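Predicted model only: the values in this text are computed from it and were never measured. Reminder, nothing fancy here: chain letters follow the sequence lines and each chain counts from 1.
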Protein chains: 2
Amino acid sequence: MPYKEKEITKLYYSIGEVAKMFDVSTSLIRFWESEFDILKPKKNKKGDRFFTKKDVDNLHLIFHLVKERGYTLKGAQKKLKENKDDTVNHFEVVQQLKKIRGFLEDVRSGL
Amino acid sequence: MPYKEKEITKLYYSIGEVAKMFDVSTSLIRFWESEFDILKPKKNKKGDRFFTKKDVDNLHLIFHLVKERGYTLKGAQKKLKENKDDTVNHFEVVQQLKKIRGFLEDVRSGL
DNA sequence: GCTTCCCATGCCTTACAAGGAAAAGGAAAT
DNA sequence: ATTTCCTTTTCCTTGTAAGGCATGGGAAGC
């Protein structure tokens, strides 16, 4: 009996598929590729792009920063680099945790 | 004996002074004033601007977002509004706290 | 007369969109 | 099966509206 082994997980997405995911034009995807080093889709001989899941995830980050947060492209590039070695996020979380520790100590001393 | 009572705390800053603080042109300060509702310096009859400390603080925020973080002007405007009613920050902290609660519950169940 | 201010216009850059050509994938006809 | 036609999707290059100030000319006060 034939059963389908294909499409269990998609390996590559075309530029058209990716553009639809974010509801943007394909030319914007190409433009972002030219601006963000982080984006490096494979290409075949003809030049067609093949985006991996990781590429899509990166595009998601870019989309969020540029379109939802309102970063400039340069601002987003910088932010992405910072996030890569998670310095900043780490720092902010630590700050939060320190506050929380203080709070918990207050709670304990109130027992 | 004369001693100086003045300048204990400066009430107002000129646009030139403010521009120097951030090492930008006066025209940029004026431009930002036209873009950010938050900036409302007093003006005399002639039209000269008088910036309070609060105005300067707001400029500091704007400068930081636009020049250091790389936000667009719109992005910065949005961010400033969000920070005003601390909705977003609040939201993010709550997210963190929920994660931490989950973690603490795990810890307790391990006792 | 030198500084500091105003406002209006000019202008370079940013961030894409539009346009046109080439390739790929069918459906219909031969 | 192969040819022709049509549609779709891709590519890359060039065009362009808005963004983000800088400059220039003039008035007012010291």
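Counting only residues at least two apart or in different chains, side-chain hydrogen bond (donor to acceptor under 3.5 Å, both in side chains) contacts with residues 18-38 of chain A comprise Ser25(A)-Ser27(A), Glu33(A)-Arg49(A).
Rounded to whole angstrom, the span from the OH atom of Tyr13(A) across to the P atom of dT9(D) amounts to 18 Å. Lys20(B) has its NZ atom 11 Å from the C1' atom of dT3(C), to the nearest Å. With rounding to whole Å, Glu17(B) atom CD is found 16 Å from dT3(C) atom P. Rounding to whole angstrom units, CZ of residue Phe36(B) and C1' of dG19(D) are separated by 12 Å. If you take CG of Asn44(B) and C1' of dT4(C), they are 12 Å apart, rounded to a whole angstrom.
With sequence neighbours left out, the salt bridge (charged side-chain N to carboxylate O under 4.0 Å, His left out) criterion links Lys53(A) to Asp57(A). Listed by chain and residue number, Ile38(A), Leu39(A), Lys54(A), Leu61(A) satisfy the side-chain contact (heavy atoms from CB on, under 4.5 Å) test with Asn58(A) (two or more places apart in sequence, or in another chain). With sequence neighbours excluded, no residue forms a salt bridge (charged side-chain N to carboxylate O under 4.0 Å, His left out) with Lys45(A).
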Under the criterion side chain to side chain contact (heavy atoms under 4.5 Å, CB included), I'd like the reasoning laid out for Phe36(A) against Leu73(A): C-alpha separation, chi angles, the key distance, then a yes or no.
CA-CA 8 Å; Phe36(A) 291 90; Leu73(A) 297 189; 4.1 Å; yes
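The OH atom of Tyr71(A) sits 3.0 Å away from atom OH of Tyr71(B), with the distance rounded to the nearest 0.5 Å.
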Dump the pairs, protein N or O against N or O of nucleotides 12-15 of chain C, anything under 3.5 Å, distances to one decimal.
unit_1  : atom_1 : unit_2   : atom_2 : d
dT14(C) : OP1    : Lys74(A) : NZ     : 3.4
dA15(C) : OP1    : Leu73(A) : N      : 3.3

Are there any protein N/O atoms within less than 3.5 Å of an N/O atom in nucleotides 11-14 of chain D, and if so, which ones and at what distance?
unit_1  : atom_1 : unit_2   : atom_2 : d
dC11(D) : OP1    : Gly47(A) : O      : 3.4
dC11(D) : OP1    : Arg49(A) : N      : 2.9
dC11(D) : OP1    : Arg49(A) : NH1    : 2.7
dC11(D) : OP2    : Arg30(A) : NE     : 2.9
dC11(D) : OP2    : Arg30(A) : NH2    : 2.8
dC11(D) : O5'    : Arg49(A) : NH1    : 3.2
dC12(D) : OP2    : Arg49(A) : NH1    : 3.3
dC12(D) : OP2    : Arg49(A) : NH2    : 3.1

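Just one residue in the list Tyr13(A), Phe63(A), Phe51(A) forms a ring-ring contact (aromatic ring centres under 6.0 Å, His included) with Phe22(A), and that residue is Phe63(A).
Between Arg69(B) and Leu65(B), the closest heavy-atom pair is CB-O, 3.3 Å.
Checking the phosphate oxygens (OP1, OP2) of dT9(D), no side-chain nitrogen or oxygen of Ser14(A) falls inside 4.0 Å.
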